[in-house]
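Note sheet for the following structure.
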There are 2 protein chains.
Amino acid sequence: MAVGPGTKVRGSTSGRPIMVLLDLLGRRWALRMLWELRAGPLNFRQLQTACGDISPTVLNTRLAELRDAGIVAVSGEGYLLTQQGGDLLAALLPLNDWAEGWAGSISAAGTRDRP
Amino acid sequence: MAVGPGTKVRGSTSGRPIMVLLDLLGRRWALRMLWELRAGPLNFRQLQTACGDISPTVLNTRLAELRDAGIVAVSGEGYLLTQQGGDLLAALLPLNDWAEGWAGSISAAGTRDRP
DNA sequence: CCTCCTTGCTACTAATTATGTAGCATCTTT
DNA sequence: AAAGATGCTACATAATTAGTAGCAAGGAGG
């Protein structure tokens, strides 16, 4: 197993699931890949394109990690979220709304620290 | 501003807020830092320790990015989440539950390769 | 069978980022 | 004044990511 609950990861030897998850999702393109898979399966090159022509090296590495983690799976249709992956994505969807509000507030106030 | 809505980021020239956010949170330690700040302010070295003795170089870089993004701020008490940062964290809290379920399901189903 | 695509992915090098350690400058406390 | 803390910079090394090329396998069409 590359990464999964119980694994020792950067910054935590405890293997606490949340730590493992934060490490996994903190790797480049991982979050974006989940995001791009939200609408349904994509094959390797489609996913690559969706992520802005990410290099196939990282894409493949990340895919392996996410598959090992049981978040992504392969099918005849291409790569897709597992049931669990879908649940994870659902937990991430609110980020979109937050980001929209963020955009509004920053372009309005544009500063670095809040009172 | 280093990174914020409207910025061009890796994999997206659109500057769509969600893309900028996913890029920002996808940098090493960013998610973890937010997580560790959930309970209240921490000073530089406390935060460093909380993140498992992350190197001060990255810590400082990430802090600057998160401050530029209006997610983290400094006060006499140390580094803390802004109002917005708090909202973002709130959106991320469900990940903890998800991760717990993840741990359970993987150790129960023992899919890929666990002893 | 033979080409010509498409697809998933490996190879390899260059560039960017992160790690790890040391230590300085600035307070605060004793 | 001396002895911590604290926030951070410097710098060398290691690890990760980017970028590009291209191969092996499979399918469609001829």
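Proteins get letters first, then strands, A, B, ... in listed order; numbering begins at 1 in each. Note that the structure is a prediction, hence the values are computed from the model and not measured. Any value given below was found using the heavy atoms of this structure, including those in side chains, with hydrogens, waters and symmetry copies removed.
Nearest to the side chain of B/Arg45, among C/dT7, C/dT10, D/dG7, sits D/dG7. Distance from the side chain of B/Ser55 is smallest for C/dG20 among the nucleotides C/dC9, D/dT6, C/dG20. For B/Trp29, taking side-chain heavy atoms from C-beta onward, the closest of the listed nucleotides C/dT19, D/dC8, D/dG19 is C/dT19. For B/Pro56, the side-chain atoms get nearest to C/dT21 when compared with the rest of D/dT6, D/dT17, C/dT21.
Among all heavy-atom pairs drawn from B/Ala103 and A/Pro17, the shortest one is CB-CG, 3.5 Å. Nearest approach of B/Glu36 to B/Leu42, heavy atoms of both residues: O-CD1, 3.5 Å.
Taking the nucleotide of DNA chain C with the nearest heavy atom to each of A/Gln46 and B/Gln48, the more 5' of the two is matched to A/Gln46.
A donor-acceptor pair under 3.5 Å is formed between the side chain of B/Arg32 and the backbone N or O of B/Ala50. Counting only distance, with no hydrogens or angles, the side chain of B/Ser75 and the backbone of B/Glu77 share a donor-acceptor pair below 3.5 Å.
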### Query
Going through the checks in order, is the side chain to side chain contact (heavy atoms under 4.5 Å, CB included) test met by A/Leu92 and B/Leu95?
CA-CA 8 Å; A/Leu92 292 172; B/Leu95 291 184; 4.0 Å; yes
### Message
side chain to side chain contact (heavy atoms under 4.5 Å, CB included) for A/Phe44 and A/Leu63? Distances and angles first, verdict last.
### Response
CA-CA 9 Å; A/Phe44 193 93; A/Leu63 278 171; 3.9 Å; yes
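The CG-P distance, from A/Asp53 to D/dA18, rounds to 12 Å in whole Å. Rounded to a whole Å, the CG atom of B/Asp23 is 15 Å from the P atom of C/dT16. Between the CZ atom of B/Arg28 and the P atom of C/dT17 there is a distance of 12 Å, given to the nearest Å. Protein atom CZ of A/Phe44 is 15 Å distant from nucleotide atom C1' of D/dA24, rounded to whole Å. Atom CG of B/Asn43 and atom P of D/dA5 are 12 Å apart (whole Å). One interatomic measurement links the two molecules: CD of B/Glu65 to C1' of C/dA18, which rounds to 12 Å at whole-angstrom precision. A straight line from CG of A/Leu59 to P of C/dC9 spans 9 Å, rounded to a whole angstrom. As a whole-Å value, the separation of B/Leu47 CG from D/dT6 C1' is 13 Å.
If you check every strand for non-hydrogen atoms under 4.0 Å, B/Val58 touches a base. In this structure, B/Thr61 reaches neither bases nor backbone, as no heavy-atom distance under 4.0 Å exists between it and the strands shown.
Close to D/dT17, at under 4.0 Å from its OP1 or OP2, lies no side-chain N or O of B/Arg10. An OP1 or OP2 oxygen of D/dG7 is reached within less than 4.0 angstrom by no side-chain nitrogen or oxygen of B/Asn60.
Linking Ile, Leu, Val, Met, Phe, Trp and Tyr residues whenever their side-chain heavy atoms come within less than 4.5 Å leaves A/Leu80 and A/Leu25 in two separate clusters.
For the helix from C/dC1-D/dG30 to C/dT30-D/dA1, the end axes, each set by the C1' atoms of five terminal pairs, are bent relative to each other by 30° (nearest 10°).
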